[in-house]
Amino acid sequence: PYPGITMPFPAGDCDATPMTGWRAADGVLAAWIEGDGIDVGVPDGLLYEGENSLQWRGDGSAMQFSAGSADGSLLETRSLPVSGVNVEGHVVSSYVTFESSGCWRISAEQGANHVDATVAVYAAACRPEVFDLERCPAPPFALHWNPEHSAPTGCDATGVTSVLTGFVNAVNYGDVEAALAFFPERDQETDIDTTGLRWFSLEKMVAQNPDELRTSLTRLIDGGEQLRLLRLDMMWGWDGGVHFGVQMTRETDELLRYRIEGKGAVNCELGQLYLFSAIRQS
């Protein structure tokens with residue numbers, strides 16, 4: 001829903017080919033890598049060690065696929081079995097198995113059309129369905145923003161991302177004081193005041209002032225809470241700060257991992273969240 005740049009973050013040491021924003025091409029929604037007559041779609045915006053689904057959009061004729069290491073040391077063709085063609089006949093679905101994390105190259109040819117891209121591949125432990133914080137200490141996630149909307153003064157994608165990931169990391173590593181530092185120390189005085197706390201909510205856990213927030217975060221961390229960021233959508237200006245949408249997973253020792261979705265807002269000058277709210281998704 002938000003055009004613009006999509007990227008894995010952090011991207012590691014790979015000089016990855018940029019992905020364009022999420023869009024539907026011939027009815028297939030994905031983050032796309034644009035080539036010369038062939039585009040590659042990544043349904044989740046991220047690739048992992050093991051099997052991955054890829055979408056290849058060309059002119060409908062026969063297409064040849066290959067994959068290898070980004071440094072060119074493995075040039076042999078990898079198996080990319082075609083699973084089908086969509087109703088338009090322009091998008092071919094395939095699967096590729098990356099044998100390890102790191103930088104990989106994916107290519108396709110279709111007559112004079114071709115695409116040759118470098119992609120960052122993350123460890124299997126980083127997959128949302130099997131996520132392990134100890135084996136994936138810097139989880140990747142898909143980051144989206146709209147370049148047509150100007151950011152407020154002092155704000156950029158990296159700065160906003162650092163605030164949210166800093167808070168998530170503090171929770172995951174059980175540091176209440178570090179988590180609190182990402183929020184204002186006083187109440188918000190007016191609706192447009194971004195220097196005070198507006199509210200924090202995680203399902204039924206609600207805090208509208210710093211004392212309630214300390215209680216909520218302490219309970220969260222004492223319960224062994226683990227949060228994993230899946231997607232961050234930056235919508236830029238809102239109430240004098242940056243408004244964002246967020247998708248995450250939530251897990252404790254007593255419950256299974258499940259997906260939550262919500263919104264928040266950052267004061268870029270202070271580097272603090274003055275609003276955060278997320279609820280469970282079915």
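For this chain, numbers begin at 1 and follow the sequence in order. Keep in mind that this is a model prediction, so the values were computed, not measured.
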Can you tell me if [X] uses its side chain to pair, donor with acceptor, with the backbone of [Y] under 3.5 Å?
X      : Y      : answer
Asn52  : Gly50  : yes
Gln110 : Asp59  : yes
Asp175 : Ala170 : no
Arg280 : Arg250 : no
Glu49  : Ala124 : yes
Glu225 : Ile221 : no
Glu261 : Gln247 : no

Under a single-linkage definition using a 4.5 Å side-chain heavy-atom cutoff for Ile, Leu, Val, Met, Phe, Trp and Tyr, are [X] and [Y] assigned to the same hydrophobic cluster?
X      : Y      : answer
Leu230 : Leu273 : no
Leu270 : Leu213 : no
Leu232 : Phe183 : yes

Checklist entry - So, Gln55 and Ser53: side-chain donor and acceptor under 3.5 Å apart, yes or no? => result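 Yes - a donor-acceptor pair under 3.5 Å links their side chains.
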Next on the checklist: Checking side-chain polar atoms at under 3.5 Å, does Trp56 have a donor or acceptor matched by the opposite partner on Ser94?
Outcome noted: yes
Checklist entry - Are Arg214 and Glu177 ion-paired here, with the side-chain N under 4.0 Å from a carboxylate O? => result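 Judged by the 4.0 Å cut-off on N to carboxylate O distance, Arg214 and Glu177 do form a salt bridge.
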Checklist entry - Looking at Asp233 and Lys263, does any basic side-chain N land under 4.0 Å from a carboxylate oxygen? => result no
Checklist outcome for this item: Value for OG1 (Thr195) from CD (Glu185), rounded to nearest 0.5 Å, stands at 11.5 Å
Next on the checklist: Can you tell me how far apart CG (Leu229) and OG1 (Thr249) are? Round to the nearest 0.5 Å.
Outcome noted: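 It is 9.0 Å, given to the nearest 0.5 Å.
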